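Notes follow the structure.
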Amino acid sequence: MKIAQVYINQLNIHLDRLFDYLVPKHLESQVIPGSRVVVPFGFGNKSIDALVWDLKSPPSDSSKLKSILGVVEHFPVLDHQQLKTCRFLQQVHHSLFMDVANAFYPGPIQIRKHKDSNGVLRYYVGQKDRESWLWKISQRNPNQTLEQLLSTVRSNATVQREILTLLWESPIEEAVLTARFRGVKKTLESLRSAGFLEKHRMKSMELEDPGPLEVQGAPRLTEAQQQILEDFEKGFQQTHLIHGVTGSGKTEVYLHMMEAALKKDKTCLYLVPEISLTPQTIHRVKARFGQEIAVIHSRISDGERLEQYKKIATKEIRIIVGARSAILSPFQDLGLIVIDEEHENTYKSSNRPRFDTVSLAQEIARLHGAKVVLGSATPSIGTYYLAKNGQYGFHRLPDRMNGQDMPASLVVDMRVELQSGNRSFLSRTLYASMREALKRKEQIILFLNKRGYFSYVFCRDCGYVVKCKQCDVTMTYHGEDNRLECHYCKATAPVQHQCPACGSRKMKYSGTGTERMQNMLQKYFPHATVLRMDTDSMKKKDAIADAVEDFTLGKADILLGTQMVTKGFDFENVTLVGVLLADLTLNFPDYRSSERTFQLITQVAGRAGRGNKKGNVVIQTYEPDHYAITHAQQHDYEGFYEKEVAYRKMNRYPPFSTLMYIGFSGNDEKEVAKECSEYHRLLSAEVTKTDPSLVFEAYPPSKSNIVRVNNKYRYYILIKTEHVDAFQEAIHHVQRSKETKQFKSTIFVDVNPNFIF
DNA sequence: AGCACGCCGACT
DNA sequence: GTCGGCGTGCTC
């Protein structure tokens with residue numbers, strides 16, 4: 001008899017290991033690695049679903065083992081590569097095996113259970129597509145008023161009346177209604193059968209229909225592009241970096257590489273940092289290949305996701321475009337993974353399952369014998385380091401496609417501005433350049449990395465600063481809803497005219513965000529139209545796509561925004577880019593703040609001069625001599641890299657070490673602090689078994705920079721090490737130990753985290 | 001996680 | 001004398 005080693009589908013660290021079960025004779029042909037089975041588990045032998053990892057021959061004594069009860073479906077849901085991927089993330093990012101496994105298949109394929117007519121528990125794979133529904137008032141009597149409608153409903157049916165009143169305003173999604181009223185489904189259905197309401201199937205979050213597709217042939221490549229394709233073909237490395245300045249035609253190279261892979265009957269994955277910011281790219285891929293492609297991101301409906309999943313699994317679709325979650329697709333014969341804008345931090349998943357897309361893509365490519373292509377104008381330091389050292393194939397595109405030079409950049413020292421009496425946010429240089437550009441009917445992009453109107457409120461008498469009730473964070477004033485908002489927990493508070501500490505009425509609002517800047521710009525340039533682009537103004541569905549279209553059509557002269565405006569947009573008429581305050585990212589307490597600043601400035605500068613007119617960039621800062629700023633001004637990636645890599649080497653930061661962050665959070669600060677220290681002690685003891693000197697690489701427990709968020713207190717342990725394996729093993733062990741099981745704090749491990757605080 | 005077992009306190 | 005609190009330990 002065979003033994004199956006399975007993972008139990010119960011997301012708990014203490015069950016994140018293999019369990020052995022006997023395979024009954026009649027199931028032998030169906031129980032294979034990747035199959036989902038139902039097994040008895042625990043004292044009560046409760047049935048639970050599990051995933052088969054492997055089969056083995058029984059040891060001499062198998063009397064203790066229980067038997068598999070049945071299979072969920074008679075084919076494996078995960079193939080060999082996918083199983084390996086689960087194991088990889090389990091080891092490298094401390095994910096739960098089943099967390100990754102569950103992320104591989106769409107919601108509708110997740111296992112459900114129900115009792116059949118005999119009261120027997122049955123497992124099945126729910127095929128029902130969790131569609132969203134839109135509810136609206138029935139159009140039976142078009143001339144009816146709300147009052148007339150309500151008069152036909154019982155006066156004590158308060159919920160029904162409230163719903164009708166709400167829907168009278170506008171149709172509402174079912175999910176929104178159920179979130180608001182408990183058990184509203186029955187009410188809605190009865191209102192529907194009474195003829196008051198109707199519901200419509202809604203396709204959630206679909207990208208705009210690009211209109212009829214005209215398949216475009218491949219344009220002629222430049223010599224430099226052609227050369228890259230040849231080198232790539234010949235290159236022995238698995239991973240390749242294309243370092244190409246903004247507007248150098250990297251996309252065209254990717255498309256050619258994909259074409260070559262498709263010709264070999266392989267599948268391609270094209271990853272972008274954020275789907276909603278890259279409609280232009282998706283349209284280009286579609287237009288080029290003229291065949292069905294899958295577009296995957298975390299906001300597509302379950303139904304759509306299931307459909308794409310099936311088509312990818314059967315190789316009906318061979319081109320997949322998507323955000324990072326697309327890396328967990330059921331690839332068949334994968335030949336190429338393209339990761340565009342490789343440096344973007346959206347590629348790091350800091351939710352479960354945690355992973356970083358680049359290293360995961362490399363692992364998946366290795367399993368499939370595929371290649372990985374990373375592209376960026378501002379590669380991350382780690383990537384560039386490996387490329388320079390020959391571990392990656394290294395290709396460059398130093399020139400812009402349109403033959404234009406890189407835009408001319410000017411750094412403005414805001415201290416000098418201040419000394420000469422200009423206290424506004426626009427330096428005289430930037431103001432003059434803007435006037436010039438507007439006069440020539442050219443467009444402008446302004447980047448300010450701070451949203452809201454005023455960024456904080458304080459009392460001029462006692463110095464009290466208004467903070468969020470549940471976080472140690474100052475609150476930002478938002479003019480549009482005339483409220484204070486916490487940017488950490490989204491809580492809001494009314495505007496305060498009186499100091500809660502001393503009663504003084506001298507409350508001062510200070511610090512400029514995008515909202516206020518928009519107002520000021522409108523005053524300085526009354527004839528110009530300012531379009532604001534930040535998470536506040538772009539909340540509505542399709543808002544970004546609409547804004548991009550409006551700006552392309554010239555409906556606005558100035559595009560003002562946060563990080564969003566630095567992403568790969570391509571507006572031909574933009575000739576001036578202004579960075580309003582480069583210091584905001586520069587002073588961020590993180591070892592990568594220089595890297596981020598350089599990337600942001602270079603990327604946003606790259607939006608200028610993409611058409612046939614030359615671009616100009618003005619960078620405002622209080623630290624004009626900082627190397628991130630001076631090298632960004634000169635478009636000198638290499639120079640910046642040299643300085644940055646020296647700094648990293650000296651301080652043993654990545655890529656010369658690996659950082660591991662172990663976070664603790666809980667309601668009682670003392671307890672969190674105590675458990676964090678205890679964990680540190682356990683970890684030190686564990687890692688000492690390998691090498692006592694390693695103890696010093698785990699920094700002692702610290703308070704987070706912002707200790708309290710959402711009323712939870714946060715502490716952390718940071719590990720900076722060259723001995724990754726020793727720490728991975730030690731953490732793995734401590735995480736599963738008896739001692740930490742008693743902990744009340746939530747613990748999470750984040751390897752190479754995006755932010756440290 | 002989810003469940004059984006076990007060892008204490010406060011009830012009929 | 002018993003019911004039930006939750007701390008402790010285990011799940012093939």
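Below, chain A is the first sequence line, B the second, and so on; all start at residue 1. Owing to the predicted nature of the structure, the values given are computational and were not obtained by experimental measurement.
- None of A/Y679, A/Y713, A/Y715, A/Y716 except one satisfies the ring-ring contact (aromatic ring centres under 6.0 Å, His included) rule with A/F664; the exception is A/Y679.
- Rounded to whole angstrom, the span from the CD1 atom of A/I747 across to the P atom of B/dA1 amounts to 11 Å.
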One character per nucleotide, please: for nucleotides 7-12 of chain C, 5' to 3', B when the base has a protein heavy atom closer than 4.0 Å, S when only the sugar-phosphate does, - otherwise. --BBBB

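- In this structure, the CZ atom of A/R736 is 15 Å from the C1' atom of B/dA1, given to the nearest Å.
- Summarising the geometry, atom CG belonging to A/L96 is positioned 10.5 Å from atom OH belonging to A/Y7; distances are rounded to the nearest 0.5 Å.
- One distance of note links CG of A/L65 with CD1 of A/I3; it measures 4.5 Å at 0.5 Å rounding.
- A cation-pi arrangement is absent between A/K720 and A/Y699 under the rule of less than 6.0 angstrom and at most 45 degrees off the ring axis.
- With A/Y105 as the aromatic partner, A/R36 meets the cation-pi criteria of under 6.0 angstrom to the ring centre and within 45 degrees of the ring axis.
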